[in-house]
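In what follows, residues are counted from 1 in the order of the sequence shown.
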Amino acid sequence: MKLKYFCAVLCGVAALSLVSCGSTPKSSASADSNTKSNSLNADSTKASAEKAKKEAEIAKKTEKAVANADAAREAAIKAGAEKYYPKLLSDIDKEYESLKKKIAANPGTDYSANIEEIAKKYEALEKASLARKMQEDISKLDFDFTSVDKNAAQTGADALKKFNSLNSNASGDELLSNAEAAYKAYKTLMDKGYKAMAARERSDALKAKKDADSVKAAVAKKTKEQYTQAANKFVKADAAYSRGSTYDAYNGYKEVKESYTELYEIVKQDREAAQAALEKAKQRVAEAATYSAEADTIAPITEKVAGIEDESTTLLEKDNFANPEDAVIDVESNETAKAVEKAAEAAIAEDDAKKK
């Protein structure tokens, strides 16, 4: 009996031991599984964050590149690309639109280098159009620009000829290098050739300003804003002349001259209209005085009448008008203007000597 009891106890203990040993490995495996799962989730979250960061950086680069390309295209059109290179502009536009579709379809792909390539092509169009404009201006003038700088004249013509032979399949670098070479050569040619012409245009602009000042355009309500703008443009033209950009200076002085001339005409016409109205008013006053004199003779007023002020009564407060001369903008007394004046006089004298 004792033996049976002892055996039963041993069996119970053994069973309990087996149950206890079996539960420990199961709990450990579950913990390991949770750790691995958490680790995978952390890795996935980190990867997602890095992907989002990368996409944000790409989007920022793309936005900046597109803004630069759009600005380059606008500059090309302003320079005359639609007039001088309509086919090339259209082809580059198509290439740009196609690239924009790719960017929209693949937001995670970096296309900034491709966009920069398009921007270079638009920049090349701008420079080539400006070169064509200068070439066109030269052909219209009765002046032998090739005699000013034969090397620049030849370089500009060769570079522009090479650019004109290229199409949109050419690289941005090739298009831009030829366009820039043509632009720089013609700019050099124009700056040297326009030295005396810009000086004469400056003199004409100052004469036009004096005419505008003579009619008080600086204070006239309709013209004072435009007057200030013209003065600012004159200062900029002087700055261009002082640094040797006489072609830019010439265009600036020409614009200023036209602006001052327009101001003079506007104020002059307004003054003539006002003078005519004043003459009519004087005539009416004279007629009224005649009628009044006749009325006083026939039926003179001997008593004070309500509503009619005494002759000595002040009806309006006295105005303190500002001196119109104080509004005149002086564009000739600054140091740059003085230096340009001397250089311009010398250029005109030199040009006159060549013509003799």
Treating Tyr227 as the side-chain partner and Ile329 as the backbone partner, does any N or O pair qualify as donor plus acceptor under 3.5 Å? yes
Check side chain to side chain donor-acceptor pair (under 3.5 Å) between Lys61 and all other residues, then give those that pass, not counting sequence neighbours. Asp110
Ile58 side chain near Tyr111 side chain, heavy-atom distance below 4.5 Å: no
Is the shortest distance from a Lys or Arg side-chain nitrogen in Asp204 or Arg200 to a carboxylate oxygen in the other one below 4.0 Å? no
Between Val328 and Leu263, is there a shared hydrophobic cluster once you connect ILVMFWY residues whose side-chain heavy atoms come closer than 4.5 Å? yes
Take Lys127 and Lys184, measure what side chain to side chain contact (heavy atoms under 4.5 Å, CB included) needs, and give me the verdict at the end. CA-CA 9 Å; Lys127 297 296 184 185; Lys184 288 177 181 177; over 6 Å; no
Got Lys83 and Glu136 here, is their nearest side-chain heavy-atom distance under 4.5 Å? yes
Please assess Glu116 against Asn68 for the test side chain to side chain contact (heavy atoms under 4.5 Å, CB included), listing each intermediate value before the final yes or no. CA-CA 8 Å; Glu116 287 168 6; Asn68 289 338; over 6 Å; no
With a 4.5 Å cut-off on side-chain heavy atoms, are Tyr96 and Val66 touching? yes
For the residue pair Lys150 and Gln154, establish whether any side-chain heavy-atom pair is separated by less than 4.5 Å. no
With rounding to the nearest 0.5 Å, note down the distance linking NZ in Lys87 to OG in Ser168. 6.5 Å
So does Gly108 get a backbone contact from the side chain of Glu55, meaning a donor-acceptor N/O pair under 3.5 Å? no
Min side-chain heavy-atom separation Ser259-Gln226 under 4.5 Å: yes
Taking side chain as C-beta onward, heavy atoms only, is Lys78 less than 4.5 Å from Glu74? no
Of all heavy-atom pairs linking Leu88 and Phe163, the shortest is CD2-CZ, 3.9 Å
State the CG-NZ distance between Leu89 and Lys121, to the nearest 0.5 angstrom. 12.5 Å
If you group Ile, Leu, Val, Met, Phe, Trp and Tyr by side-chain heavy-atom gaps below 4.5 Å, do Tyr260 and Val340 land in one group? yes
What heavy-atom pair brings Ala185 and Ala152 nearest, and what distance separates the two atoms? CB-O, 3.3 Å
Tell me whether the count of non-hydrogen atoms from other residues, nucleotides or ligands lying under 6.0 Å of NZ in Lys100 goes above 12. yes
Contact summary for Val256 and Ala205, nearest pair of heavy atoms: CG1-CB, 4.2 Å
Can you list everything that forms a side chain to side chain donor-acceptor pair (under 3.5 Å) with Asp330? Sequence neighbours excluded, please. Ser333
Could you go through Glu57 and Lys60, starting from their C-alpha distance and side-chain angles, then the distance that decides it, and tell me whether this counts as salt bridge (Lys or Arg N to Asp or Glu O under 4.0 Å)? CA-CA 5 Å; Glu57 289 174 352; Lys60 191 174 181 180; over 6 Å; no
Quick check for you: to the nearest 0.5 Å, what is the distance between Ile92 atom CD1 and Leu125 atom CG? 4.0 Å
Counting C-beta onward and ignoring hydrogens, is there a side-chain heavy-atom pair between Glu95 and Asp91 closer than 4.5 Å? no
Thr246 side chain vs Ala198 backbone, donor-acceptor pair below 3.5 Å: no
Side-chain donor/acceptor of Lys268 to backbone N/O of Val215, under 3.5 Å: no
Taking all heavy atoms of Thr223 and all of Ala217, pick out the closest pair and write down the distance. OG1-O, 2.8 Å
Got a salt bridge between Lys209 and Asp213, using NZ or NE/NH1/NH2 to carboxylate O under 4.0 Å? yes
Passing candidate, side chain to side chain contact (heavy atoms under 4.5 Å, CB included) with Ile118, options Leu99, Asp70, Asp93: Leu99
Joint hydrophobic cluster, Tyr250 plus Val148, side-chain heavy atoms closer than 4.5 Å: yes
Contact summary for Ala128 and Tyr85, nearest pair of heavy atoms: CB-CE1, 3.7 Å
Under 3.5 Å, is there a donor-acceptor pair between the side chain of Asn164 and the main chain of Leu160? yes
Taking atom CD of Glu126 and atom CZ of Arg73, what is their separation to the nearest 0.5 Å? 13.5 Å
Euclidean distance, Met190 CE relative to Leu141 CG, rounded to 0.5 Å: 7.0 Å
Is there a continuous path of hydrophobic side-chain contacts, each under 4.5 Å between heavy atoms, that joins Ile77 to Leu130? yes
Verdict with reasoning, Lys161 to Ser165, per side chain to side chain contact (heavy atoms under 4.5 Å, CB included): CA-CA 6 Å; Lys161 183 179 179 181; Ser165 70; over 6 Å; no
Distance in Å, Glu201 CD paired with Lys257 NZ, rounded so as to fall on 0.5 Å steps: 3.5 Å
Are Tyr186 and Tyr84 connected, step by step, through hydrophobic side chains (Ile, Leu, Val, Met, Phe, Trp, Tyr) whose heavy atoms are closer than 4.5 Å? yes
Sub-4.5 Å side-chain heavy-atom contact between Met134 and Tyr183: yes
Say whether, by atom type as modelled, one donor and one acceptor occur between the side chain of Ser90 and the main chain of Pro86 under 3.5 angstrom. no
Heavy-atom pair with the smallest gap, counting every atom of Ala119 and Ala69: CB-CA, 3.9 Å
Which pairs of donor and acceptor atoms, one on a side chain in residues 232-244, lie under 3.5 Å apart (sequence neighbours left out)?
from   : atom 1 : to     : atom 2 : distance (Å)
Asn232 : ND2    : Thr228 : O      : 3.4
Lys233 : NZ     : Glu255 : OE2    : 2.7
Asp238 : OD1    : Arg202 : NE     : 2.8
Asp238 : OD1    : Tyr253 : OH     : 2.4
Asp238 : OD2    : Arg202 : NH2    : 3.1
Tyr241 : OH     : Lys195 : O      : 3.0
Ser242 : OG     : Ala239 : O      : 2.7

Which label fits Phe145 and Tyr194: parallel for a plane angle under 30°, tilted from 30 to 60°, or perpendicular past 60°? tilted
